[in-house]
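Structure, as structure tokens:
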Amino acid sequence: MVTRPPGGDEHRDAAIAWFVRLQDCDDGRVWRDHFKWLEGNPARVAAFDAVSRLWVRLDDLSPRDAMPESNVVYLSERRPRPLRRHLWWIPAVAAAAAVIGWTQVGQNRSPASETIESAADAPRVIDLADGSRLTLNRDSKVKISLSSDERRVELVSGEVAFDIKHNAARPFTVFAGKRSVQVLGTEFNVLNYGGAFAVSVRRGLVAVSPVPGNGESRELPAGTTLIQRPGGQADSIIPGAVDEAFAWTTGRLVYIDRPLGEVAQDLGRYDRTTVVVAPELARMRVTAVLTIKDNRSLDRQLELLLPVQIEPFGSARRIVPAR
Amino acid sequence: MTITTMDEASPWLAAFLARQVDLKRYFAARVGEVEAEDLVQEACLRIATLPADTNINSLDAYIGRIGHNIMLDRIRQDRARARRDTEWYNVQGTFAPSGEKVHEAAPADDALIARERIRQMQEALGQLPEPVRQAFLLHKFDGLSHAEIAERLGVSRSSIEKHMMRALKHLMKRLGG
């Protein structure tokens, strides 16, 4: 698709040059010149907006998608393929993809299950033979059993984004702790960690079983999130929060008006430690986008965004007001 | 983001207030007078919540960066909203009279379109010469600065900027704005 940029190539090229120049620019004069370049010139504004929109659209492309096909590992082929490491492909965000398929004629009752874990420092993508895809967040563990009449995944611990191909003859069910999530063709995220349970639905509809002995199963349409907090007996269903829940799949953590405690839990989860919140910050709410790199970097990003600092606290870390 | 204490006002706030006319003109040029006021408020909030000991070399550059980021965030929010609206419509529109929930058709289309877009992006990226592509991916997805990429690849910072321009020019031609 070729879109003729407003104002022609000249404005487009100038807008691109500005966009690139401003990426790491600490020079106040350059920024002032940029403001002057834009002001009172709608054609330049339109060209610069077009570059900005392209930049944002490219967010959709996760490092996984940008990765060359040759990095995909086909487990079912049972032959090793060299993992071509690219310089830009930092292991911390590496997600080696795997394709898993079983054909189990006559074994429908007791399908073999396969346990798959992701590493502590990298998410992992699993493609099922039916076209469904599971993306495991770091440090997550699932047991998958596929048979000709059903598909079951147990989320033992961690977080998984599911993109499921609908097949009425082979229902897909996710088990997490004492809860289950029944799936139609859909895309959703399940968290089962440290007593917290959450389901966010991006597409389609799922049915979530209740906390045992407490109510009935709830149906969650696209665009909603169900949360059971650690130790909680009741679920809350909130509209939205869906893109945020999926953000980790593109290497980001997104919080829109969330309690600081939730951010602390994520910081702890990403490096297997504990992060607590000082009492005076307990009511603080956070709107932020963090980029998942190493854990120290997460701490630093939070310190830059909020008037807080993160300090050692015994074997754990503690978020306190910035001094 | 909650502002916990406003009484010890940020040292940056006064300097920002002195420059807010410039920022408002900038936002007005990009989104019009009406919305510019809101965006200036948002910029003000971001400045006010900055830790007092933040090291800022140039306040003009910092304010320019905030204006730029707010515009990018605004585009992101517009897209997220559009996506949610479509999804809501799809779910609402796909309850079959039998009570059976049949909603693969439209969402599957959406997924197909989304995948097709991703495929186009992959293809366009794949057409770039390797050093250009590498520099672009290191910056866009790994968040390395131009200087860091230059060091890592052993080339000058200005050649990284040229790579970045070349990549964006190609992607603009192939994918549009």
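The structure displayed is predicted, hence computed values, not measured ones. The sequence lines fix the lettering, A, B, ..., with proteins before strands; numbering per chain opens at 1.
- The part of B:R157 that comes within reach of chain A is its side chain, from C-beta onward, which places non-hydrogen atoms under 4.5 angstrom from that chain.
- If you measure heavy-atom distances from B:F27 to chain A, you find no contacts under 4.5 Å at all.
- Minimum interatomic distance between B:M172 and A:A50 (heavy atoms only, all atoms of both residues): CE-CB, 3.8 Å.
- Minimum interatomic distance between A:F48 and B:H68 (heavy atoms only, all atoms of both residues): CZ-CE1, 3.7 Å.
- In terms of heavy atoms, A:L54 sits closest to B:G176 at CD1-O, 3.7 Å.
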Donor-acceptor pairs under 3.5 Å, side chain of residues 15-23 of chain A to any protein atom, not counting sequence neighbours: which ones?
residue : atom : partner : partner atom : Å
A:Q23   : OE1  : B:H139  : NE2          : 2.7
A:Q23   : NE2  : A:F19   : O            : 3.4

Q: Go through the steps to decide whether A:D49 and B:R30 satisfy the test salt bridge (charged side-chain N to carboxylate O under 4.0 Å, His left out), and finish with yes or no.
A: CA-CA 8 Å; A:D49 277 347; B:R30 296 199 62 181; 2.6 Å; yes
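- The most heavy-atom pairs under 4.5 Å with chain A, out of B:R25, B:M164, B:K162, B:R119, come from B:R25.
- Counted within 6.0 Å of CZ on B:R74, heavy atoms from surrounding residues, nucleotides or ligands total more than 12; the atom is thus considered enclosed.
- Contact of A:Q309 with chain B is not made at all, since no heavy-atom distance falls under 4.5 Å.
- Judged purely by atom type and a 3.5 angstrom limit, B:K140 uses its side chain to pair as donor or acceptor with the backbone of A:W55.
- Within the 3.5 Å criterion, the main-chain N or O of A:D59 finds no donor-acceptor partner in the side chain of B:R76.
- Listed here is the closest heavy atom pair of A:V56 and B:L72: CG2-O, 3.8 Å.
- At a 4.5 Å heavy-atom cutoff, the contact between A:D163 and chain B is made by side-chain atoms alone.
- Around CD of A:E311, the count of heavy atoms belonging to other residues, nucleotides or ligands within 6.0 Å exceeds 12.
- Around atom CD of B:E33, no more than 12 heavy atoms belonging to other residues, nucleotides or ligands sit under 6.0 Å away.
- Distance check: B:D60 CG to A:H34 NE2 gives 13.5 Å after rounding to the nearest 0.5 Å.
- Taking every heavy atom of both residues into account, A:D60 and B:M121 meet most closely at CB-CE, 4.3 Å.
- Counting heavy-atom pairs closer than 4.5 Å to chain A, the top residue among B:A147, B:G64, B:A135, B:A29 is B:G64.
- Rounding to the nearest 0.5 Å gives a distance of 8.0 Å between CD1 of B:I149 and CG of A:D24.
- For the atom pair CG (B:L23) and CH2 (A:W31), the distance works out to 11.0 Å, reported to the nearest 0.5 Å.
- A:R218 meets the salt bridge (charged side-chain N to carboxylate O under 4.0 Å, His left out) test with no other residue; sequence neighbours excluded.
- With rounding to the nearest 0.5 angstrom, the CG atom of B:D78 is 10.0 Å from the CZ atom of A:R53.
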